[in-house]
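A, B, ... follow the sequence lines: proteins, then strands. Residue 1 opens every chain. Not measured: the values here are computed from a predicted model.
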Protein chains: 2
Amino acid sequence: MGNDGVQTELLIKEKAKILFFQKGLLNATTQQIADEAGVNRALIHYYFRSRDLMLDLLLEETLQEKKARTRAFLVSDLSFREKIARFIDAVVDWGLNYPYLDNFIISETARNPDKIKSFCAKDNVKSSDLIREGLEAEIKKGAIAPISAEHFMVNLVAMCNYPLLAKSVLQTIHGMTDAAYQKFLHERKNVIYASIFNEDMPKIYEKNGN
Amino acid sequence: MGNDGVQTELLIKEKAKILFFQKGLLNATTQQIADEAGVNRALIHYYFRSRDLMLDLLLEETLQEKKARTRAFLVSDLSFREKIARFIDAVVDWGLNYPYLDNFIISETARNPDKIKSFCAKDNVKSSDLIREGLEAEIKKGAIAPISAEHFMVNLVAMCNYPLLAKSVLQTIHGMTDAAYQKFLHERKNVIYASIFNEDMPKIYEKNGN
DNA sequence: CTTTGCGTTAACAAAATTGTTAAACAAAAA
DNA sequence: TTTTTGTTTAACAATTTTGTTAACGCAAAG
């Protein structure tokens, strides 16, 4: 047989993810993807049938991986504060690789609201349910001001994700170099943790700090 | 003369803004815009020359309006807490109308990084500079834990904007109806204020609460 | 060596989208 | 009424993009 098909398929997916989720090119054409991967455009149809099907697959895979890397900490048997610390760490680190993933999902969802529903249908456990117990304990202790689990999670995810999403905008507004923005994002891990618990994040989790 | 050209131009802009910033259809075609406005597609070229030029104009106008409605409070001579309260109120209210504006800017910026620079070049005063003094006073009082003005602003904007951006996703995850999500967003005004100052937002600003 | 089958490619076809233009139209001005 | 001017429309042209197909290549199996 000719070449190894599996490798080519992986290559195309890899490069497509870079275009969509890393570079934020929401409307990357099949030609652009093929160029990025250095293969003939027809191969995209050979392996994925159509551009849309490839997008579905990429989203499916990538969301699965993100969930495994981030949400996993919330279902662990770590202490509440450790859960949150590791979650922040993981979400920011993940976002440094694929800053535009959320942006992509949001746009796709606007275009086709039903698509996101099928993705969400798979995990019917809301992340807010995973931290409710621990959160309420902290509230009872007086360590955190009263807040619902839903609002708490939205605050948390918002503070982690927004600066990743809006990277290019914030970077321009604040006149930061790429390096400065990277540093800013790593600082944020501690800032977010501190804004919740009013104390510094355990040093262990600042592994990528600059 | 035929019809009133100014009115038609306004109509097209209005409907285009709805498609782009309200419905989140980032790639709305000139045909879709024309349909939405109930006019012939050629009129879009008659009034705006090209799709791209229309986009630039829409962004320019809309960002200008948003700035006037939100950032204005930060430059006022209100007290720090009042500034923040009104800012939160204005940003969330604005976002209820145009939830996808940020999403749109982010995508456009990824496609053409220089475009956003020209927009930002106009107001060279960073919003973080506008609140630094007041923030530092609160920190000195011990009312807010130490945090840089940049991180404080990013946290604030993130908590306000992210749930608007991610509306369709969060709504699906949490299984909320449109009405429930609206209520959730209005609740957030107080939640955000409380998470910063550890006290309820003055009732005055919860004008649209449910 | 020949055959078989997957992987790859170039060329083609079809659809969607943008931009242009000349003609039609409607109302005010002459 | 006729002219003029700005607006609107349908038809056309050009470009972009997706999807298909038939031929080619190459390595393993027979």
For [X] and [Y], which heavy atoms make the closest approach, and how far apart are they?
| X | Y | answer |
| --- | --- | --- |
| B:Lys126 | A:His174 | NZ-O, 3.9 Å |
| B:Gln22 | B:Pro99 | O-CG, 4.0 Å |
| B:Leu165 | A:Ile106 | O-CG2, 3.4 Å |

Task: For A:Ile144, all residues meeting side-chain contact (heavy atoms from CB on, under 4.5 Å), sequence neighbours excluded - done: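 Per chain and number, A:Ile144 pairs via side-chain contact (heavy atoms from CB on, under 4.5 Å) with A:Phe80, A:Leu135, A:Glu138, A:Ile139, A:Ile147, A:Phe152, A:Ile196, A:Phe197.
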
- [ ] Apply side-chain contact (heavy atoms from CB on, under 4.5 Å) to B:Gln32 and list each qualifying residue two or more places apart in sequence or on a separate chain.
- [x]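 B:Gln32 satisfies side-chain contact (heavy atoms from CB on, under 4.5 Å) with B:Leu19, B:Leu25, B:Ala28, B:Thr29 only.
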
Open item on the list: At less than 4.0 Å, is any side-chain N or O atom of B:Tyr47 found next to OP1 or OP2 of D:dT8? Yes or no.
Closed with: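 The answer is yes; a side-chain N or O of B:Tyr47 sits under 4.0 Å from OP1 or OP2.
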
Open item on the list: Does B:Lys13 have more than 12 heavy atoms from other residues, nucleotides or ligands lying within 6.0 Å of its NZ?
Closed with: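 Yes.
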
Round to the nearest Å and state the distance from [X] atom [atom1] to [N] atom [atom2].
| X | N | atom1 | atom2 | result |
| --- | --- | --- | --- | --- |
| B:Leu43 | C:dC25 | CG | P | 16 Å |
| A:Tyr46 | D:dA23 | OH | C1' | 15 Å |
| B:Met54 | C:dT17 | CE | C1' | 13 Å |
| A:Asn40 | D:dT18 | CG | C1' | 14 Å |
| B:Ile44 | D:dT7 | CD1 | P | 16 Å |
| A:Gln7 | D:dC26 | CD | C1' | 16 Å |

Task: Partner residues of B:Lys17 under the salt bridge (Lys or Arg N to Asp or Glu O under 4.0 Å) criterion, sequence neighbours left out - done: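 Only B:Glu61 meet the salt bridge (Lys or Arg N to Asp or Glu O under 4.0 Å) criterion with B:Lys17.
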
TODO: Report the distance from atom SG of B:Cys160 to atom CG of B:Leu185, rounding to the nearest 0.5 Å.
DONE: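 Here the interatomic distance stands at 10.5 Å.
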
Open item on the list: Check A:Lys66 with A:Asp102, please: is the shortest side-chain N to carboxylate O separation under 4.0 Å?
Closed with: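 Yes, charged N to carboxylate O under 4.0 Å.
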
Task: A:Asp35 bridged to A:Arg41 by N-O distance under 4.0 Å - done: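 A salt bridge is absent here (no side-chain N lies under 4.0 Å from a carboxylate O).
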
So which protein nitrogen or oxygen atoms get under 3.5 Å of nucleotides 18-21 of chain C's nitrogens or oxygens?
| unit_1 | atom_1 | unit_2 | atom_2 | d |
| --- | --- | --- | --- | --- |
| C:dT18 | OP1 | B:Thr30 | N | 3.4 |
| C:dT18 | OP1 | B:Arg51 | NE | 3.3 |
| C:dT18 | OP2 | B:Thr30 | N | 3.2 |
| C:dT18 | OP2 | B:Thr30 | OG1 | 2.6 |
| C:dG19 | OP2 | B:His45 | NE2 | 3.0 |
| C:dG19 | OP2 | B:Arg51 | N | 3.1 |
| C:dG19 | N7 | B:Arg41 | NH1 | 3.1 |
| C:dG19 | N7 | B:Arg41 | NH2 | 3.3 |
| C:dG19 | O6 | B:Arg41 | NH2 | 2.6 |

- [ ] Return the residues of residues 10-22 of chain B meeting this criterion: a heavy atom under 4.0 Å from some atom of DNA chain D. Order them by number, or give none.
- [x]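 Nothing qualifies; none.
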
- [ ] Enter the inter-axis angle for the ends of the helix from C:dC1-D:dG30 to C:dA30-D:dT1 (five pairs per end, rounded to 10°).
- [x]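 Axis angle across the helix from C:dC1-D:dG30 to C:dA30-D:dT1, nearest 10°: 20°.
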
- [ ] Please answer whether the main-chain N or O of B:Leu78 pairs with a side-chain N or O of B:Lys83 as donor and acceptor at a distance below 3.5 Å.
- [x]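 No; zero donor-acceptor contacts below 3.5 Å.
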
